[in-house]
Structure formats: C-alpha cells, structure tokens
Amino acid sequence: MTSTFEYFPGIPLFHSNDFLNWHQIGNVLSRPEQLDLDGVASSKGIYASSIFYNEEKQRFYVIGTLVKNSLYHENVNFYVWSENPEGPWSQPVVIKGAEGIDPSLVFDGEKAYYLGNLRPFPLEPENGRYIWLQELNLERGELIGERSVLLKQGAFMNAAAPEGPHIYHIGDWYYLMIAEGGTFRNHASTMFRSRTLTGPYEADPRNPLITHRNLRSDYPIKNPGHSDLIQLHNGEWWAVLLATRQDGGNYGNLGRETFAVPVEWEEEWPLFSPGTGHVEFSYPAPDLPEQKWQTEWGRENFDCTELPFKWLLLRTPRLPVYSLTERPGFLRLYLQPNTIKQESFCSFAGCRQQHLCFKTAAAMEFDPLREGETAGLVLLMNHKYHIRMEYGNFNGKKELRLTKCFDGQDLILFSLPWNKNKIIFYIQMNYQLIDFSYSYDGKKQDILLNQVDGSLLNRETAGGYTGTVIGLYASSNHAESNNFADFDWFDYYANN
C-alpha cells in the first residue's frame, strides 16, 4: 500500500506471490463516502497507511491518517476492515482521542492496541513527539485503559520527527521500529526492543538501521526511512521502506517510492541490507517461484465501464467528472468550473509517473465553444507547479497552448491557432528535459516545443510529498458549461 494524499481513490493495494512482481488488486478507500478530501491542501490527505491481519476475527485491517490543513492534533486517525484484501472495505472507524499521524495496530493475544505518536505540546513542535500505546476496542474505535508512553525521543538526542511506529513480537522480544530525522536528508529508521509490550524499550546499539544521511548528496538513492518488517513464507526476512531516486540532478520527480532490502538477524537485532548497510538498486531475488503479472502500463483504450485501479482523481468527486458509458470506448471528461490551479476537485484523471524517462500521449476530441473552455494533457506536481498542454478557447480564439505554472503563476511557453476538433498530444520526458508535440491524425507529428525544463515537477522545487501525475484534464474556468472532452486512448511507456 502507498499513501495517496489528495488523490482519490485512496490507498492502492498491491499483491505479490514472489515479493518481486507486484500488481494492484484494488483501492481501500474507493467510495466517496469513505474519504472526504473536500478542501484538503496539496500533500495533505491520506498518510502512512498500514495493513494487518487479525487471526481471531479473520479480518484484514488498514489503519491510516487523514491529515487536515490545520493543526496537528486535528488530524483524523481511522481504520477500515475487510475479510478479503480485494474488498469491499468497511466504512472508516474513527479512533476517538488519537492524536498524531502514522498510526499502527498491534494484536497481542486477544487484545488490540493502537500505536501512534503525539506532540505533547501541539503548538510547540520543536518540543518533540512521544511514541505511545493504548488498548483499542476494535468494534467501537475507542481507546481504553491507561496510555503507555514507549519513547519520548528517537534513538538520537533531539531527533526530529520520531513517527511511523511498528511493533513486532518475534521470539521473546517486542521490537519497536520508528522513523526519525524527517523525510529528507536525515531520514532514518531506528529500532528498539523490550521483553514486554509496554516497555521499557532499549535502543539498538547499531542504530540507525538504515539511513543515507552519511552519503554524498548526489548519491542516486536518497532519504530512506519509514520502514516495515516482513517475513516471507519461505522464512526470509525483508524490509520495505520509502526513499527517492535522483532524477537528472537533485530532483525527485517520482516522489517517494517503495524500496525493499534484505534483512538478517544478528545478536537478536535486525541488520538491514547486510554488507553495505545502504539501499541498493538490486539484490538477489527471494528464493520463491517467480510469478509475473500483466504490465499495468502501455495503452489504455477505455474499453471499460470503470476506470482501472491505477487511475487517480483529484480529491473526492462531488459532481460527475467522467463517464465511460456515454460514449463507449472513450473517456468523457465533463467541463467543471473548477481548475487545476485550485485546491479543489476538478475534471482530472491521471496516472503516476513511474519512470525517469517516459513517453505519453493522448487522443482527444473536443470543441471549445465558449471562452475559457479548455482540455488537454497535464504534467501535475500540484496546483501551483505543473505544465499544461491544452486546446481551448482563449479570448475568443481557439488555440493550442503550452503553459507552465510556477508558484501559481502561468507563463505561456508557446501557442498557435487550432480549429480542428481532433488532436493527439505527445510528451516525451528524459530526466528533466521535456519535448512536446502534436498531431491531427497520428501520421505526422509537429513539434510544439522541445527541451522544456521540467525541474519544477518535483518536491525539491514544489514542496510536498507527491510525485508527478500525468493527467487528462478539462475545465470551463469558473463558468458553467455543459461541454465535455472525449479521450479515445491514453499511452504511457518507459523510454529508458
């Protein structure tokens, strides 16, 4: 599972039989009534979800945080459950009195516990966070009994942001793993252990388990942390964690990605990535029969009645945004007054950038009848940082435009008259350089603009936590409209 922040549906769920090849089997928060993202700012929304299986109830549980725009203690921590990971998943159960972010569940014997973090002084974040544990009534979402504070700081004195806790009962020990150091250069995972669930916990003398804070800033994998331990069904131990890849410089257009490192045990402590202690690009695969799945990227012809799992909308759709049945074989986007420059839902459907170099294209049929009506293809980091390749009615003239939005300010990079109701958009990105071209029928491509700087499409420039999303987009720019844009197909291919 991964965080989805302001995107809907929330919490994609992936499955593998060999820990090497993965495919998406659903989205946990797939119904609007499960996930209220109204007014949620960019890089707020759904954080740090975790999945657990409770043998007693024979249910899967997913727990996470809905981060609001205001103060830390107003976040909503919740869980959902299902008897099958494919779903359907229950309505969220809000955990009353649970401050903080990045919660976890602990099943110990017949009892369930909530494991989280809190700021004892919410208005003074510099005064740290506590890792705490409290029994949880799973049916009512109520914390019961006394609260146990397990850690008042991380493994290092004054460590920033101790969060993302997980507890594992392995042998005679309870192991408590947390993230600390923030999510950039000093990001790390650290480990503690105790003979009892409520502590006291001692620190691993070799902490941190994993970090790249001691490496040069140009190391190709950066910022590892927020880890989770897993034992495969052949007995091997691995850890999954978050990190970013360099993308043509000190940029992370892909956002935080999921990595895996092998784990060995020594003196009853885990060793991450034995031999180097760092996240490597590859390791010997687990000793399991390989099972490959069908590639989930390529051409989407929209020969379906629901968008495939990988597609994302911006925030919870409150009005009809798209249809796959009004014109079978086409994705129809209805023009809404909201625009991609607002922190609100709009007519947008996109897929994540998955490669450092890629090619994407989309075939659109659209007639912008009124001023302000526009539709096209967007490279979206957030509402303030993106590049739009669109066909629209601008000041009474129908034009094809390439617009860069930097810190909320639009800059038209190129425009030309266009009066045809069909167009194919082409984008090719090689690290931080982007080529834009177009065609009427796909037989001949014309260059719109080449070698455009794409370095605004990353968290180092734009802030936040997400990566770039490639999206189909339509808007009537604050006016009411009954118009729509029809997309015949959408391509996405690696270009390595």
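Hydrogens, waters and symmetry mates are skipped; everything else that's a heavy atom, side chains included, is used.
Heavy-atom neighbours of K310 NZ from other residues, nucleotides or ligands within 6.0 Å: above the threshold of 12. In I447, the CD1 atom is not crowded: 12 or fewer heavy atoms of neighbouring residues, nucleotides or ligands sit closer than 6.0 Å. No more than 12 heavy atoms of other residues, nucleotides or ligands lie within 6.0 Å of OH in Y465, so this atom counts as exposed by the packing criterion. Sparse packing is recorded around NZ of K359, with 12 or fewer heavy atoms of other residues, nucleotides or ligands lying under 6.0 Å away. More than 12 heavy-atom neighbours from other residues, nucleotides or ligands sit within 6.0 angstrom of CZ on F156. Remark: K384 NZ is loosely packed, at most 12 non-hydrogen atoms of other residues, nucleotides or ligands lying under 6.0 Å away. The environment of CG in N482 is sparse: at most 12 heavy-atom neighbours from other residues, nucleotides or ligands sit within 6.0 Å. In this structure, R370 places its CZ atom where only 12 or fewer heavy-atom neighbours from other residues, nucleotides or ligands lie under 6.0 Å away.
The closest donor-acceptor contact from the side chain of Q153 to the backbone of P162 lies at 3.5 Å or more, if one exists at all. With hydrogens and angles disregarded, a donor-acceptor distance shorter than 3.5 Å links the side chain of T316 to the backbone of L37. Side-chain atoms of E343 come within 3.5 Å of backbone N or O of S42 as a donor-acceptor pair. For Q428 (side chain) and N495 (main-chain N/O), no donor-acceptor pair under 3.5 Å exists by modelled atom type. Remark: side-chain polar atoms of S3 are not paired, donor with acceptor, to backbone N or O of F5 under 3.5 angstrom. The main-chain N or O of D102 is found under 3.5 Å from a side-chain atom of T65 such that the two form a donor-acceptor pair.
Between F19 and I230 the shortest side-chain heavy-atom distance falls below 4.5 Å. Residues S227 and I210 form a side-chain contact, since some pair of their non-hydrogen atoms from C-beta on lies under 4.5 Å apart. Within the 4.5 Å cutoff, the side chain of S273 has heavy atoms near those of the Y283 side chain. Counting heavy atoms from C-beta outward, I11 and L35 have side chains that stay 4.5 Å or more apart. No side-chain heavy atom of F259 sits less than 4.5 Å from a side-chain heavy atom of V261. Side-chain contact between M429 and F358 is present, with heavy atoms from C-beta onward closer than 4.5 Å. Looking at E257 and R352, their side chains never come closer than 4.5 Å, going by heavy atoms from C-beta outward. In this structure, N223 and T183 have side chains that are not in contact, with every pair of non-hydrogen atoms separated by 4.5 Å or more.
Scanning all heavy atoms of the two residues, the minimum distance from P9 to T4 falls at O-CG2, 3.9 Å. In plain terms, the two heavy atoms of H212 and R185 that are nearest each other are O-NE, 4.2 Å. The two residues N207 and A155 make their nearest non-hydrogen contact at ND2-CB, 3.6 Å. Closest heavy-atom contact between G376 and F487: O-CZ, 3.9 Å.
Separating the NE2 atom in H278 from the OH atom in Y219 is a distance of 6.5 Å, to the nearest 0.5 Å.
A cation-pi arrangement is present between R459 and F184 under the rule of less than 6.0 angstrom and at most 45 degrees off the ring axis. Geometrically, R332 engages F484 in a cation-pi contact, judged by NZ or CZ lying under 6.0 Å from the ring centre and within 45° of the ring axis.
W293 has its ring centre no less than 6.0 Å from the ring centre of F14. A distance below 6.0 Å separates the ring centres of F302 and W311. Checked against the 6.0 Å centroid threshold, Y385 and F406 count as a close aromatic pair.
Aromatic ring orientation, H226 versus H187: tilted (interplanar angle from 30° to 60°). In this structure, Y493 and W297 have perpendicular ring planes: the angle between them is above 60°, well past the 30° mark.
Taking a cutoff of 4.0 Å between a charged side-chain nitrogen and a carboxylate oxygen, R327 and D488 do not qualify as a salt bridge. Note on D18 versus K292: no salt bridge recorded, every NZ/NE/NH1/NH2 to OD/OE distance being 4.0 Å or above. Under 4.0 Å is where a charged nitrogen must lie from a carboxylate oxygen, and between E399 and R401 at least one such pair does. A salt bridge is defined here as a Lys NZ or Arg NE, NH1 or NH2 lying under 4.0 Å from an Asp or Glu carboxylate O, and D410 with R388 meets this definition. The pair D247-R245 does not count as a salt bridge, with every side-chain nitrogen at least 4.0 angstrom from each carboxylate oxygen.
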